[in-house]
Protein chains: 2
Amino acid sequence: MRITYKGDYAINTILDLAVHYNKSLVTIHELARRSDMPIKFLEQVLLELKRGGFVKSKRGKVGGYFLAKHPAQIKLGDVIRFIDGPIEPIACVEKRYSGCNIIERCVLRKIWQEINLATSNVVDNVTFEDLLNQINVQKETAVYQI
Amino acid sequence: MRITYKGDYAINTILDLAVHYNKSLVTIHELARRSDMPIKFLEQVLLELKRGGFVKSKRGKVGGYFLAKHPAQIKLGDVIRFIDGPIEPIACVEKRYSGCNIIERCVLRKIWQEINLATSNVVDNVTFEDLLNQINVQKETAVYQI
DNA sequence: TGTATACTCTACTAATATGATAGACATTAT
DNA sequence: ATAATGTCTATCATATTAGTAGAGTATACA
């Protein structure tokens, strides 16, 4: 798995929307400014995230984007898979693969599966609520330090 | 990390050479046939592996390729990094990265580090001798099954 | 009802990576 | 000599990535 710019933008966008969940809509302009993303590129990422059911939008003046679900309902892995494709390090361990006839015996396949499991285990056990909480902990710590 | 065809070819080639370690040279032709790789592409992969110090060669009639080191001295991760690039899932957790100024606080960075560690932990703890041994175990098992 | 603000949609483009292929050349055993 | 083998450089087609351009649609509000 390799996270592309698009994936990174998508994740940061959803995290930003998670921060404002149930509080306010966020415009593309704000998102782009806060995370330093090219606005026209971000537009497309947002449309894709919308098609994926991650975000919703309100058009017109005072419009903007907001999360389609509670941050706890969105796993990091969901976003990565949707935007950047499979977590698997190689095609032969992906779900629908059928090209290799020594699959049972292949010693490498076991390694790739191990990596796949280890990676999935991380990204599928982190929700955007978890990320939010960590951000809040950091903020509090910062306050105490002053 | 995503394994490309080139990476896959390289790994299978080294595994093949490991099987013949200290026994015989292996020609490009044999390697290509056994692992079903385009011979002209494999040529280039082999030259790259040679530059990387993984394999050596003997030219002319009865020439061929052989491993430059003992299979136990070659980690899977070495080959992957050399051929397919960084194990890290995103640039900001790579060694020489310096582009991000919130590195200390970034909650995502912790996730990427976790994935990096989990993945490295697999590929850096598997040598080609390990793979060889597993192949041999499978062969024995197969014999018993007959 | 006009207009500013915001999201929507399609098309296009430049750069790079990937997966090859082609062909001339160099080396070595016999 | 010659057949078998590795070496090297160039070229190519396709896909992916990252981004840009511009016209269109919806909405709040004066």
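Values in this document were obtained by computation on a predicted structure and should not be read as measured data. Basis for what follows: all heavy atoms, side chains included, without hydrogens, waters or symmetry-related copies. Reminder, nothing fancy here: chain letters follow the sequence lines and each chain counts from 1.
The CD1-P distance, from Ile39(A) to dA6(C), rounds to 9 Å in whole Å. One interatomic measurement links the two molecules: CZ of Arg51(A) to P of dC7(C), which rounds to 15 Å at whole-angstrom precision. Rounded to whole angstrom, the span from the CG atom of Leu31(A) across to the P atom of dC7(C) amounts to 8 Å. Remark: P of dT16(C) and CZ of Arg2(B) are 23 Å apart, rounded to the nearest angstrom.
Using a 4.0 Å cut-off, no side-chain N or O of Tyr9(B) falls inside it from OP1 or OP2 of dG19(C). At the phosphate of dT14(D), neither OP1 nor OP2 sits under 4.0 Å from any side-chain N or O atom of Tyr5(B). In terms of phosphate contacts, Thr4(A) brings a side-chain nitrogen or oxygen within less than 4.0 Å of OP1 or OP2 of dA18(D).
Ion pairing of Arg2(A) with Asp84(A) is absent here, as no side-chain N (NZ or NE/NH1/NH2) approaches a carboxylate O to less than 4.0 Å. We find that Glu88(A) and Lys95(A) are not joined by a salt bridge, their nearest charged nitrogen and carboxylate oxygen being 4.0 Å or further apart.
Each of Ile28(A) and Lys61(B) was assigned the nucleotide of DNA chain C with the nearest heavy atom; the assignment lying further toward the 5' end belongs to Ile28(A).
Heavy atoms of Phe41(A) sit under 4.0 angstrom from at least one base atom. If you check every strand for non-hydrogen atoms under 4.0 Å, Val26(B) touches sugar and phosphate atoms only.
When the local axes at the two ends of the helix from dT1(C)-dA30(D) to dT30(C)-dA1(D) are compared, using 5 base pairs at each end, they differ in direction by 0° after rounding to 10°.
For dG6(D), the base has no donor-acceptor partner in the side chain of Lys56(B) [N/O atoms by modelled type, under 3.5 angstrom].
Picking from dT7(D), dT5(C), dC7(C) the nucleotide with the shortest atom distance to the side chain of Thr27(A) gives dC7(C).
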